[in-house]
A.B. asks: 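This structure is in structure tokens; I'll ask about it shortly.
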2 protein chains.
Amino acid sequence: MKYTEAKEELIQAWGNLGYSWGLNKTMAQIHALLMISPKPLSTEDIMDELSISRGNANMNIRALLDWGIISRISIAGERKEYFKSEKDIWALARQVAKERRKRELEPILKVLREVNDVQADGTEEAKEFKKVVKELKNFAEKSDGLLETFIKAEESWFWNNLLKLMK
Amino acid sequence: MKYTEAKEELIQAWGNLGYSWGLNKTMAQIHALLMISPKPLSTEDIMDELSISRGNANMNIRALLDWGIISRISIAGERKEYFKSEKDIWALARQVAKERRKRELEPILKVLREVNDVQADGTEEAKEFKKVVKELKNFAEKSDGLLETFIKAEESWFWNNLLKLMK
DNA sequence: CTAAACTTTCAATAGTTATTGAAAGTTTTT
DNA sequence: AAAAACTTTCAATAACTATTGAAAGTTTAG
């Protein structure tokens, strides 16, 4: 397989995966592009490589900055801004986990805690409801704790411990 | 907080969470509804409770069956089909993990393996590319292994081991 | 200060995904 | 066999999300 072909395919595939990580397609593609690029790219470079408009490029670059998975850098003697991605996959995964925890897990935990205080009038529905909420809450809290460990962990420590489980 | 209000809020919140687990909003809401219901519900019940159309209900029920997280049951002496959800959150999480692994992780692994054989012509781009792909592949394979362990694990065993890590 | 170089915004629109509901299909009952 | 009870499909459309590109905004250089 030739390089340009492989590059194309990886960017495509990463676009899909990124999507399921909570990014959108273009965001993930820009990220893939920056990740495999040995040097930082400008907005214009990105527009060209992915054939997207200026506005689209700008918006998604900003979103990536917002997620904290790419960074802005300036090159001496140049006006343009360049961007580079975090290349350490582990750091990337941690960052994504952190954002998703904030955006997804925290809100549901809040609701579960609220809803946990529901008045149990005598009905069977209400009783079942309480039971399910309690379990969900327990599960969500465990997951939250685990995520936190993941986010704070050192790569090698984490995998070493985890790999022990996997045998 | 009153029961009906709490129920409403939980279904809403679960809808959002489900969405980020790869289900769609209605799918997740139907699931939430079945999860808190002490007895199985018919398509009609679901339509009423969530105020959705027959077609929509039918499609999403089928998708949930497809994911293997709800099941069809019949009640003696009744024509209608009823549905109930798996109530064990752990089992649910495993099922979701299994489906997502198939739908998301496997495709990217395939691409990474393919793309790993790229011809390294001398360019710096190609060199960087190979390096990144190698790391991604390594990460994805580790994640795959971990997911597999999760999918096959017993609840208590898994959490007990994991909780040790979390301290 | 003004022009040039670059970035950001945003209304218009294209593209995608979800939803409806009536019609067609299936199974069961009489 | 016909009617009743129920399920599934699917074309139309509504709702939502992504993208464009021109205009407005900002920063730097001369």
Side-chain angles (χ1 to χ4, degrees), chain A residues 11-12 14-34 40-67 70-84 99-100 103-104, chain B residues 11-12 14-34 40-67 70-84 99-100 103-104:
Chain A
I11 289 176
Q12 220 47 43
W14 200 249
N16 294 339
L17 186 69
Y19 195 79
S20 66
W21 279 27
L23 316 185
N24 77 25
K25 199 188 79 193
T26 306
M27 232 174 126
Q29 288 182 344
I30 294 177
H31 179 256
L33 186 61
L34 290 173
L41 302 178
S42 68
T43 302
E44 212 116 335
D45 295 335
I46 292 168
M47 286 164 58
D48 287 358
E49 287 269 5
L50 301 178
S51 313
I52 59 175
S53 72
R54 189 172 293 286
N56 195 9
N58 185 273
M59 269 188 54
N60 283 295
I61 288 170
R62 188 120 59 74
L64 285 165
L65 289 168
D66 209 60
W67 275 70
I70 69 172
S71 50
R72 219 187 267 279
I73 64 171
S74 4
I75 291 185
E78 288 233 37
R79 287 277 294 276
K80 260 188 222 151
E81 290 185 320
Y82 287 79
F83 303 94
K84 72 168 204 281
E99 287 294 329
R100 293 195 66 177
R103 289 166 205 233
E104 295 161 15
Chain B
I11 289 176
Q12 219 48 42
W14 200 249
N16 294 337
L17 186 69
Y19 195 79
S20 66
W21 279 27
L23 317 186
N24 77 24
K25 200 187 80 195
T26 306
M27 232 173 126
Q29 289 183 343
I30 295 177
H31 178 256
L33 186 61
L34 290 174
L41 302 178
S42 69
T43 302
E44 211 118 335
D45 295 335
I46 292 168
M47 286 165 59
D48 286 357
E49 287 268 6
L50 301 178
S51 314
I52 60 175
S53 73
R54 188 171 295 284
N56 195 10
N58 185 273
M59 268 189 55
N60 283 294
I61 287 169
R62 188 121 57 75
L64 285 165
L65 289 168
D66 208 59
W67 276 70
I70 69 172
S71 51
R72 220 186 266 278
I73 64 172
S74 7
I75 292 187
E78 288 233 35
R79 285 276 295 276
K80 261 191 220 146
E81 290 185 321
Y82 286 79
F83 304 94
K84 72 167 204 280
E99 286 295 328
R100 294 195 65 177
R103 289 165 205 232
E104 295 162 16

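Proteins come first, then strands; the chains are lettered A, B, ... in the order of their sequence lines, and each starts at number 1.
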A.B. asks: At under 4.0 Å between heavy atoms, what does A/Glu81 touch on the DNA or RNA strands: base, sugar-phosphate, or nothing?
C.D. replies: sugar-phosphate
A.B. asks: Which residues pass the salt bridge (Lys or Arg N to Asp or Glu O under 4.0 Å) test with B/Arg79, not counting sequence neighbours?
C.D. replies: none
A.B. asks: Give the rounded distance in Å between these two atoms: CE of B/Met47 and C1' of D/dC6.
C.D. replies: 12 Å
A.B. asks: Once you round it to whole Å, what is the distance between P of C/dT7 and CG of A/Leu65?
C.D. replies: 12 Å
A.B. asks: Polar-atom pairs under 3.5 Å, protein N or O versus N or O of nucleotides 11-13 of chain D: list them with distances, or write none.
C.D. replies:
none

A.B. asks: Taking salt bridge (Lys or Arg N to Asp or Glu O under 4.0 Å) as the definition, give me every residue that meets it alongside B/Glu49, ordered by chain and number, with sequence neighbours left out.
C.D. replies: B/Lys7
A.B. asks: B/Leu23 CG to C/dT17 C1': how many Å, rounded?
C.D. replies: 15 Å
A.B. asks: Using residues 14-23 of chain B as the side-chain source, report each donor-acceptor pair under 3.5 Å to any protein atom, sequence neighbours left out, with the distance given to one decimal.
C.D. replies:
unit_1	atom_1	unit_2	atom_2	d
B/Trp14	NE1	B/His31	ND1	3.1
B/Ser20	OG	A/Glu104	OE1	3.2
B/Ser20	OG	B/Leu17	O	2.7

A.B. asks: Just verifying a value: how many Å separate B/Glu99 CD and B/Asp66 CG, rounded to the nearest 0.5 Å?
C.D. replies: 7.0 Å
A.B. asks: If the sugar-phosphate is the primed atoms plus P, OP1 and OP2 and the base is the rest, what is the B/S/- string for nucleotides 16-27 of chain D, using protein heavy atoms under 4.0 Å?
C.D. replies: --SSBB-----B
A.B. asks: Provide, to the nearest angstrom, the distance between the CZ atom belonging to A/Phe83 and the C1' atom belonging to C/dC6.
C.D. replies: 11 Å
A.B. asks: With a 4.0 Å limit, can you tell me whether A/Asn58 has a side-chain N or O closer than that to the phosphate oxygens OP1/OP2 of C/dT8?
C.D. replies: yes
A.B. asks: Would you compute the distance between atom OG1 of B/Thr43 and atom CD1 of B/Ile61 and round it to the nearest 0.5 angstrom?
C.D. replies: 4.0 Å
A.B. asks: In whole angstrom, give the distance that lies between atom CG of A/Asn16 and atom C1' of C/dT16.
C.D. replies: 15 Å
A.B. asks: Please give, in whole Å, the distance from D/dC6 P to B/Asp45 CG?
C.D. replies: 12 Å
A.B. asks: Please list, chain by chain and in numerical order, all residues satisfying side-chain hydrogen bond (donor to acceptor under 3.5 Å, both in side chains) with B/Asp45, sequence neighbours excluded.
C.D. replies: B/Ser42
A.B. asks: Can you name the closest pair of heavy atoms from A/Ile73 and A/Pro40 and give their distance?
C.D. replies: CD1-CG, 3.1 Å
A.B. asks: From CD of B/Glu78 over to P of C/dT29, roughly how many Å is that when rounded to an integer?
C.D. replies: 12 Å
A.B. asks: Within the side chain of A/Asn58, is there an N or O that forms a donor-acceptor pair under 3.5 Å with the backbone of A/Arg54?
C.D. replies: no
A.B. asks: Atom CG of B/Asn24 and atom CG of B/Asn56: how far apart are they, to the nearest 0.5 Å?
C.D. replies: 8.0 Å
A.B. asks: For the pair made of OH in B/Tyr82 and P in D/dA5, what is the distance, rounded to whole Å?
C.D. replies: 14 Å
